[in-house]
Amino acid sequence: MLHTVPAFDRIGEENAFAVLARATALAQSGKDVINLGIGQPDFRTPDHIVEAAIKALRDGHHGYTPATGLLATREAVVRRTLTMTDIEVSPENVMILPGGKPTMYAAIIMFGEPGAEILYPDPGFPIYRSMIEFTGAKPVPVPIREENGFAFSAEETLSLITDRTRLLILNSPANPTGGVTPKEEIDKLVAGLERFPEVAILSDEIYDVMTYDGERHTSLLTYPSIRDRLIVLNGWSKTWAMTGWRMGWSIWPDALYDKVRKLAVNCWSCVNAPSQFAGIAAIDGPQDDVEKMMRAFDARRKIVVEGLNALPGVTCATPKGAFYAFPNIKQTGRKAKQLASDLLEKQGVALIGGPDFGILGEGYVRLSYANSEENILRALERTERFLTQD
Ligand code: PLP
């Protein structure tokens, strides 16, 4: 009998990967599967980004890089941050990591321990809760409500802070709801946070560029009063269709930067050089492909919302960001995870049950519209067939 530490009995998962595996297995067995489950752009990484990685390898960039990332890549992040937020950060506060998740991991293990409380959005990205539980800290869900446009409420968030709260996790634009929290609400939250100077903040802004209908993302970086305890998570995965490259960045306050650098040295040493050169090309190169992708997502978003609202028992609020719809299925009388699983097995449509994103996800499913219009329409047809006939 091996005695692993109890933390490994508490660690959770991201069910989107299990659904992807099942959808792939069904497809390999000959079933026609439409995958609206996984959260990754269906576009290819733009050519000039791929070429930059190939060139880097040809130029001999095959060795270790600094644990914090190449200075040139960190400087590219500084430029990108300035363009997006008007805030000039120092490259000495920028970390390059293998994807967005390692920042989550680093921030949560830095603040989580038995007796501590960490606030996280529910429904929200499942890894937040999983990692909080891993550390032994108490996960405290911040409800993200449909009636509030799937934005977080400053008042409710602040009301959940206790003297044991160490970290508050925020995410806008949000997975799985597509919610974008308005600036006024963030203003209120930050004003309230001034009363709790010992609470660190992890702001997951990985979908920052993905907003619609003139909606604008507000970065937490634009609030000087919390900068000394703010970690901003971002990355290349979604914006430049680079999920498999494992390229993320984050901005850390001075007091924490050396801690995360040391964690990197211990865990992954560094991010591979060709990906970092690709990351520079992504930031500094033409953004036409990003704009093209966003126009496609916007068109699909409209099709998805209209199609979902026409289904019996389903209502769908218009998502303002990311590339997810989070329809309310309560009136179908079905449980969300059962519906997701039946729909995949019987109709070959993969989506994710809301409870995979938290307790408040019951009554909802997440559908990623990172798929072709044709496939989205076919999936909607099949879902209608399923809801009316099964
Ligand atoms: N944060 C959010 C809100 C996400 O939705 C995701 C991916 O789905 C990530 C972080 C992780 O991104 P990465 O694949 O770069 O680790």
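First listed ligand is number 1; within each ligand, the first listed atom is number 1. Computed from a predicted structure; not experimentally measured. Counting begins at 1 with the first residue of the sequence.
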Please check if the side chain of N15 supplies one atom and the backbone of A18 the other of a donor-acceptor pair under 3.5 Å.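 Between the backbone of A18 and the side chain of N15 there is no qualifying donor-acceptor contact (under 3.5 Å).
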Quick check: do T332 and L311 have side-chain heavy atoms less than 4.5 Å from each other?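 Not touching, per the 4.5 Å side-chain cut-off.
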Heavy-atom check, side chain of R22 versus side chain of E345, under 4.5 Å: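 R22 reaches E345 side chain to side chain.
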Any side-chain hydrogen bond (donor to acceptor under 3.5 Å, both in side chains) involving residues 83-98? Give me the pairs, sequence neighbours left out, ordered by first then second residue.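 Listed by first then second residue: N93-D254.
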Test item: side-chain donor near acceptor, E374 and S372, under 3.5 Å: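 The criterion, which ignores hydrogens and geometry beyond distance, is not satisfied for S372 and E374.
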What are the distances between nitrogen or oxygen atoms of ligand 1 and protein nitrogen or oxygen atoms, counting only those under 3.5 Å?
residue, atom, partner, partner atom, Å
ligand 1, 1 (N), D204, OD1, 3.4
ligand 1, 1 (N), D204, OD2, 2.6
ligand 1, 5 (O), N175, ND2, 2.8
ligand 1, 5 (O), Y207, OH, 2.7
ligand 1, 8 (O), K238, NZ, 2.6
ligand 1, 14 (O), R246, NH1, 3.1
ligand 1, 15 (O), G100, N, 2.8
ligand 1, 15 (O), S237, OG, 2.6
ligand 1, 16 (O), G100, N, 3.0
ligand 1, 16 (O), K101, N, 3.0
ligand 1, 16 (O), R246, NH2, 2.7

Ignoring hydrogens, what is the shortest heavy-atom contact between R229 and P197? Give both atom names and the distance.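 That would be CD-O, 3.4 Å.
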